[in-house]
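The structure appears right after this line, and notes come after that.
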Amino acid sequence: MSGKTSNQASPRMAVAVLASGRGSNLQALIDACAKLDFPARIVLVLSNVPGAQALRRAEQAGLATAVIDHKQIGSREAFDKAAQEQLVAAGAELVCLAGFMRILTPGFVAAFRDRLINIHPSLLPAFPGLHTHERAIASGVRFAGCTVHYVRSEVDVGPIIAQVAVPVQIGDTADTLATRVTSSEHHIYPQVVRWIAEGRVHVQGARVTIDGAAAPAAVYFNPQPTISVSAKK
Ligand code: GRF
């Protein structure tokens, strides 16, 4: 028997996922990690909400789970200390926030500096916080999207690793736009985890570089122009 495995030469990065709700981004990470050539594995799914759908998804995938009920534990500091202990005990090298609806203390953020990432459903720095799709539509922007970024102490702030731009369509509601943006999240989050696990992502101040990943050459219009403009003068 050959006994050849994909992770003998380079062990897969140990990833923990923090989620409070539906867990569709967690599911995208679970599905990515199920592929033999994916360079990361999920060692813990931690939630602050007992009964969260994310926990059911983790259990179905046979992953270790932990619940720290924020209503029971009292202070924010106590919650973050307990979470940090669980993450360290699980050996997490990278922590992914995936719909984790809690503000983390500066101490927690510092403990995982440049090892803690978040996905947010807007093109940051536009529309930090909640209700991003309603606000994007109301503001009239032509592109919405999502952002994966390193976490800093301020909410939805931190060096941007990757973004996906999604056109806003005439007649979009928050729900139709959310559907389009969410499906882009499911592509980009596993991709970023792959890049990090492959050691290709570097942070310098506010800017992030990714070895071997280039910006697209195309520019995108919304609406699509109906006239062609000659470059000649
Ligand atoms: C996603 O839109 C994510 O960008 C935001 O919270 C939502 C979580 O959705 N931070 P899910 O729980 O992953 O389905």
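None of the values given here were measured: they were computed from a predicted structure. Counting convention: from 1, in listed order, for ligands and their atoms alike.
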Mark yes or no for whether R142, through its side chain, and Q169, through its backbone, hold a donor-acceptor pair below 3.5 Å.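 No; zero donor-acceptor contacts below 3.5 Å.
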Would you say the side-chain atoms of H120 pair up with the backbone N or O of D156, donor to acceptor, closer than 3.5 Å? no
Enumerate the atoms of ligand 1 whose separation from the nearest heavy atom of [X] is less than 4.0 angstrom.
X	value
G23	11 (P), 12 (O), 13 (O), 14 (O)
H120	4 (O)
P121	2 (O), 4 (O), 5 (C)

Between R152 and E154, is there a salt bridge with N-O shorter than 4.0 Å? no
For ligand 1, find out whether one of its N or O atoms is nearer than 3.5 Å to an N or O atom of [X].
X	answer
N25	yes
I119	yes
R22	yes

So which heavy atom in the protein is nearest [atom], and how far is it from that ligand atom?
atom	value
atom 11 (P) of ligand 1	S24 N, 3.4 Å
atom 1 (C) of ligand 1	E185 OE1, 3.1 Å
atom 6 (O) of ligand 1	G99 CA, 3.5 Å

Regarding [X] and [Y], do their side chains bring together a donor and an acceptor under 3.5 Å, going by distance alone?
X	Y	answer
D211	H202	yes
T147	Q163	yes
Q27	D31	yes

Can Y150 and I160 be said to form a side chain to side chain contact (heavy atoms under 4.5 Å, CB included), step by step? CA-CA 7 Å; Y150 285 106; I160 290 172; over 6 Å; no
